[in-house]
Novice: 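Quick one: the structure is below, and I'll ask about it shortly.
For clarity, every value in this text was computed on a predicted model and none was experimentally measured.
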Amino acid sequence: MKVLVVEDVPALRAHAIEVVKKLFPGAELAEASNGAEGLELATNIAPDFIIMDVSMPEMSGIKAAQKIWQSSPQRKILFWSQYHREAYVRELGKIVPDEAIHGYLLKSEGDDKLEEAINSVCNEDNPYIDPIVRGVQARLKCKDSSLTDVEFETLVDIATGLTDKAIAARRHISVRGVQNRLSMLLDKLVKGEDAHLRESAGMEIFNPRTRVVFEALRRGLVDPDEVQKLESDLTEWFDEEFDYQRVAK
Amino acid sequence: MTGAKDKRKAVSFFVAAVAALVAVISMRNFVPLEREVFERLMLASGETERALRAVSGGGESSMLASHVVSFFLAYAGMMAGWKLKVAANQRVFALLAVFIQMLGVSLVVNWAAWKYMQTSLTPVTFLISILLGLCLGFVIRHWDEEDIRMQSQFFQLKVRNNELREVRLQMVGQDEVERRSLAADLQDQVLSDMKKLREKIEVYAKDRKDEQKAEIDHLLAATMVEIREVMDSLCPSALEHLGLSAALEDCARKAGEKGGFKARCKSKVEAADLEKLSLVEQSLLYRLVQEALTNVIKHAEAKTVRVNTEIDAEALVVTIADDGKGIPDGRMNEDSRGLRYMRQRADLIGASIAFRAGEGIGNPGTIVEIRVDLAGRTAVESIGS
């Protein structure tokens with residue numbers, strides 16, 4: 001496992017390296033102090049995972065990431081930023097390749113969040129967008145504690161019938177990130193039943209998306225009173241994102 | 001300037017005298033020839049040979065008179081050349097006319113001197129005096145024009161300079177206003193939070209309760225966000241990191257959050273076209289849009305604001321259209337600080353700003369159009385690329 005930390009402030013860089021060492025004791029570590037250096041190292045040593053500061057001299061983290069993704073679009077990058085504006089998450093959502101997994105975490109967050117983000121992007125292949133970044137769709141809170149916030153968000157997106165691409169655009173993550181989120185949710189709600197059944201029957205029995213929604217209904221994960229709100233959230237998103245006004249039905 | 005002019009007059013007077021003198025002296029060698037020409041002329045005009053012979057001996061005594069007359073002729077020629085105001089293409093004819101007139105005068109003087117003072121003057125000397133005088137006058141006139149031109153340029157520059165200084169002063173004044181609002185922001189938000197924090201920490205030091213700690217943590221995070229916001233208004237980080245399109249969108253959203261309206265952005269501009277503007281020009285453009293949005297927050301009471309960026313006839317056009325109450329009476333206070341600020345900034349990047357009423361029914365709204373000509377511009381290497 002190779003990890004690259006790109007950060008211009010030495011103290012922060014040392015801190016990030018410490019956290020990575022704690023999480024992955026055997027990891028091979030490399031560090032760079034600006035975007036240009038980071039880009040060069042990323043091409044030379046092909047790290048599995050990159051922690052990238054946004055504001056750096058020479059070349060910003062976003063520019064560097066863009067170039068890294070141009071040559072290796074599957075690279076996992078966690079942006080470690082001090083900017084809480086949603087614009088950053090949106091723009092990153094636009095430049096992240098379909099195959100990549102990325103994360104966005106504010107520096108003001110504690111170590112536990114940093115570990116969580118690294119773990120999510122690195123081990124679970126699950127995009128991590130800091131919930132504090134304002135504007136990223138008012139967070140949906142799941143009342144049932146069996147699902148995490150992100151899982152619930154994915155459930156809502158499936159239930160409202162969005163395609164992978166649409167979910168990616170709405171949540172500012174890559175298509176692969178969406179697919180990973182879906183399969184994680186599937187694992188959690190449908191577990192191995194699907195696979196066993198397929199083996200016995202010799203054919204696909206369930207449509208996984210519909211099955212997930214059904215399972216959520218059965219377990220009472222979605223509050224029927226909130227369905228209307230989910231729809232109006234969707235309408236709001238259409239208006240905001242595509243400047244498309246829906247005619248009320 | 002007048003001192004220099006007087007001096008020049010004196011100098012030219014002296015030069016004319018010297019020119020006349022030179023002309024007279026150089027013509028002395030031709031005196032016999034000249035006298036013969038003169039006598040023939042006189043004979044032809046009907047004078048008797050005896051009358052001519054009577055004064056032919058007085059050649060030497062005519063020298064002084066000749067000097068004096070030729071000097072005045074040279075001086076008159078110079079003045080004529082100097083003061084003559086004619087268009088360039090007629091100058092030759094005008095000078096010729098003056099020359100012929102003066103030649104006539106010289107002949108009359110000559111004849112009168114011969115007739116009544118019995119001295120014969122030298123006409124060729126006069127001729128040369130007139131010519132020299134005219135040339136000299138012409139040269140002086142040329143100097144004079146140059147001088148006037150320089151003077152008018154000098155005054156123009158001075159006026160322009162004053163204007164520039166005024167604009168600069170106004171801009172500094174505007175910066176001052178901004179700085180004051182920034183200081184107020186720091187005072188209101190950050191400083192008061194800091195004070196609260198200190199109190200909370202003091203309490204926590206005594207009681208050591210977990211919820212107090214959580215409160216402190218929360219307040220610290222909020223203060224950090226506030227500081228970041230103040231910093232962001234100083235130097236929009238999104239512009240540097242994400243480019244103009246995203247920065248404008250962010251700016252519109254921010255204004256929407258503040259003014260309680262929906263912000264809708266559309267950009268149909270390629271990044272390559274935006275790169276034709278330098279980072280400074282981009283940030284000035286950003287400030288212009290920001291100011292327009294501030295006006296919307298302050299005056300429009302809008303529900304939706306659309307910020308569109310597009311290329312039209314090789315110009316970058318940013319339109320900020322709101323659906324608010326529009327421009328009162330269709331007239332704007334052109335003298336307001338905000339509008340002056342916008343016009344001056346627009347001037348700096350060679351942009352034009354147009355304000356017009358929107359087409360909405362009920363609430364007409366206002367459309368602000370900022371247009372930057374991109375024709376002839378090439379991509380500027382932006383910082384960080």
Novice: Flag the pair Arg264(B) and Asp239(A) as a salt bridge only when some basic side-chain nitrogen lies within less than 4.0 angstrom of an acidic carboxylate oxygen.
Specialist: yes
Novice: Going from OH on Tyr83(A) to CG on Asp250(B), what distance comes out if it is rounded to the nearest 0.5 angstrom?
Specialist: 12.0 Å
Novice: Tell me if the CD atom of Gln245(A) is crowded by more than 12 foreign heavy atoms within 6.0 Å.
Specialist: yes
Novice: Below 4.0 angstrom, N of the basic side chain to O of the carboxylate: do Glu257(B) and Arg85(A) qualify?
Specialist: yes
Novice: Is the number of heavy atoms from other residues, nucleotides or ligands under 6.0 Å of Asp210(B) CG greater than 12?
Specialist: no
Novice: Which one wins on heavy-atom pair count under 4.5 Å against chain A: Met224(B), Arg253(B), Met231(B)?
Specialist: Arg253(B)
Novice: Which pair of non-hydrogen atoms, one from Tyr88(A) and one from Ala238(B), has the smallest distance, and what is that distance?
Specialist: OH-N, 3.4 Å
Novice: What residue, out of Pro57(A), Ala64(A), Ser55(A), has the most heavy-atom pairs lying under 4.5 Å from chain B?
Specialist: Ser55(A)
Novice: Under 6.0 Å from the CD atom of Glu236(A), do we count more than 12 heavy atoms belonging to anything else shown?
Specialist: yes
Novice: So for Ala246(B), is it side chain, backbone, both, or neither that comes closer than 4.5 Å to the heavy atoms of chain A?
Specialist: both
Novice: Do Asp243(A) and Arg306(B) come close enough that some side-chain heavy atom pair is under 4.5 Å?
Specialist: yes
Novice: Taking side chain as everything from C-beta outward and backbone as N, CA, C, O, which of these in Gln82(A) sits under 4.5 Å from a heavy atom of chain B? Side chain, backbone, both or neither.
Specialist: both
Novice: Looking at Glu99(A), I want to see if its CD is surrounded by more than 12 non-hydrogen atoms of other residues, nucleotides or ligands under 6.0 Å.
Specialist: yes
Novice: Are the side chains of Glu91(A) and His241(B) in contact, using a 4.5 Å heavy-atom criterion?
Specialist: no
Novice: So does Glu211(B) have more than 12 non-hydrogen atoms from other groups sitting under 6.0 Å from CD?
Specialist: yes
Novice: Side chain, backbone, both or neither: which part of Lys254(B) has an atom under 4.5 Å from a heavy atom of chain A?
Specialist: both
Novice: As an exercise, state the distance from CG of Leu92(A) to CG of Leu242(B), rounded to the nearest 0.5 Å.
Specialist: 7.5 Å
Novice: About how many Å separate CD of Glu241(A) and SG of Cys265(B), when rounded to the nearest 0.5 Å?
Specialist: 11.0 Å
